[in-house]
Amino acid sequence: ENHCPNEAAMAHLEASCTDQRREDRSDECVDVHQPCDGDSTQDPNSEVEKDTIVVETINVTSAHANQGAIFKRSANVLCIQEHSMTHAMIKDFKEQAKLHNKKAMFGPTDPELGRMAAGVGIMFDDNIKFYELENGNKEYEDIKATGRCAIYCADLDGTTLTCCIMYGWTGGRKNTCEAMRTDDMCAAARAQLELLPPGLKLIAADLNGPIEAFPTIAHMIREEGWCD
């Protein structure tokens, strides 16, 4: 359940992830124009099997400002951190997504900051039926309200794909308050994931710090069979 996918599962899922971790780079923007390591800007039908789903994770800094570049990504599923959009911007983004045969869902931004910042979401091909996890446990609902975590699920021919998208607090160096807050979020997300039925589960996160700063994630990789 919380382990690396087996060969049968990999027939349905290929994770093509950009390493978007940012160590206290709050003023630096990610260039969404650049292809990821898996070259997700290529035609998905050229080399990727038709029964394969390509998943990409990316920090976009502002989904509204960068939507043109975002819509050029060819991944079937795009896990988004730091969308930084108002309700009106989200509505516009979804309308534009339809023109590209895509659908999108977004959570709130961070209410602590007093401006449109943080926020996570997901964009996907319109033939994939994603839904947002509702009525999770209290800890999960609390972290979802921070605008920094959301879980989305889709049924893939009887196999559930669960994407947990997270965005950590800036400056998450080891033993800092920011790192501890992010680790608490990871622990709450992990507990919620364990309550869900078996299936393919992935965490798409920009934690804003190195793995060793977050004991929960380090333990999941070292002891629980999660793959980084």
Side-chain angles (χ1 to χ4, degrees), residues 1-5 13-40 54-63 66 73 75 77-84 107 109-110 112-113 117-122 139-140 142-152 162-194 200-228:
E1 176 178 343
N2 292 335
H3 298 276
C4 304
L13 176 66
E14 174 181 317
S16 176
C17 299
T18 50
D19 187 358
Q20 302 279 345
R21 297 189 188 91
R22 303 181 304 156
E23 298 184 30
D24 198 18
R25 295 186 296 157
S26 57
D27 296 327
E28 182 173 339
C29 298
V30 173
D31 186 355
V32 297
H33 297 269
Q34 294 298 321
C36 68
D37 294 339
D39 192 13
S40 68
V54 177
V55 179
E56 181 180 1
T57 178
I58 188 168
N59 181 311
V60 299
T61 304
S62 169
N66 293 314
R73 311 300 290 187
V77 180
L78 198 64
C79 299
I80 295 171
Q81 300 94 27
E82 205 173 5
H83 69 70
S84 307
T109 53
D110 188 339
E112 293 183 2
L113 301 179
V120 299
I122 190 167
E139 290 75 16
Y140 170 69
D142 286 345
I143 61 173
K144 185 168 71 171
T146 68
R148 293 177 179 270
C149 182
I151 295 176
Y152 303 95
T162 300
C163 299
C164 177
I165 306 172
M166 294 192 290
Y167 178 58
W169 279 265
T170 301
R173 296 187 179 89
K174 192 173 182 179
N175 297 324
T176 62
C177 178
E178 291 78 10
M180 288 187 284
R181 293 189 76 183
T182 297
D183 190 65
D184 286 345
M185 176 174 65
C186 294
R190 171 178 172 269
Q192 181 62 66
L193 288 172
E194 289 182 342
L200 298 168
K201 296 177 180 178
L202 65 86
I203 294 174
D206 177 356
L207 297 178
N208 272 316
I211 293 285
E212 57 268 23
F214 313 109
T216 297
I217 294 294
H219 177 83
M220 292 168 71
I221 295 170
R222 184 178 62 251
E223 304 292 340
E224 298 181 1
W226 285 78
C227 298
D228 179 22

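By convention here, the first residue in the shown sequence is residue 1.
- To the nearest 0.5 Å, atoms CG (Leu202) and SG (Cys79) are separated by 5.5 Å.
- Atom CD1 of Ile165 sits about 12.5 Å away from atom CD1 of Ile58, to the nearest 0.5 Å.
- A distance-only check finds a donor-acceptor pair linking the side chain of Arg148 to the backbone of Gly168 [under 3.5 Å].
- No side-chain heavy atom of Ile211 sits less than 4.5 Å from a side-chain heavy atom of Phe214.
- A donor-acceptor distance shorter than 3.5 angstrom exists from the side chain of Asn66 to the backbone of Val60, with no hydrogens or angles considered.
- One finds the CD atom of Gln192 at 8.0 Å from the CD1 atom of Ile143 (value rounded to the nearest 0.5 Å).
- A heavy-atom distance below 4.5 Å is found between the side chains of Asp110 and Trp169.
- Side-chain contact between Cys186 and Leu207 is present, with heavy atoms from C-beta onward closer than 4.5 Å.
- Smallest separation of non-hydrogen atoms from Tyr167 and Val120: CB-CG1, 3.9 Å.
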Query raised in the report: For Val77 and Tyr152, what are the C-alpha separation, side-chain angles and deciding distance, and is it a side chain to side chain contact (heavy atoms under 4.5 Å, CB included)?
Result: CA-CA 11 Å; Val77 180; Tyr152 303 95; over 6 Å; no
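- Closest non-hydrogen pair, His219 versus Arg190, comes out as CD2-NH2, 4.5 Å.
- A 4.5 Å side-chain heavy-atom check between Thr176 and Arg181 finds every atom pair outside the cut-off.
- To the nearest 0.5 Å, atoms SG (Cys163) and CD1 (Ile80) are separated by 12.0 Å.
- Atoms CE and CG, on Met185 and Asp142 in that order, are 13.0 Å from each other to the nearest 0.5 Å.
- A salt bridge is defined here as a Lys NZ or Arg NE, NH1 or NH2 lying under 4.0 Å from an Asp or Glu carboxylate O, and Glu224 with Lys201 fails to meet this definition.
- A donor-acceptor pair is defined here as one N or O able to donate and one able to accept, closer than 3.5 Å; such a pair exists between the side chain of Ser84 and the backbone of Thr61.
- Asp184 contributes atom CG, which lies 7.5 Å from atom OG1 of Thr216 (distance to the nearest 0.5 angstrom).
- For the residue pair Thr57 / Gln81, a side-chain donor-acceptor distance below 3.5 Å is found, with atom types taken as modelled.
- With hydrogens and angles ignored, the 3.5 Å screen pairs a side-chain donor or acceptor of Thr182 with a backbone N or O of Glu178.
- Between Gly172 and Pro210, the shortest heavy-atom contact is O-CD, 3.9 Å.
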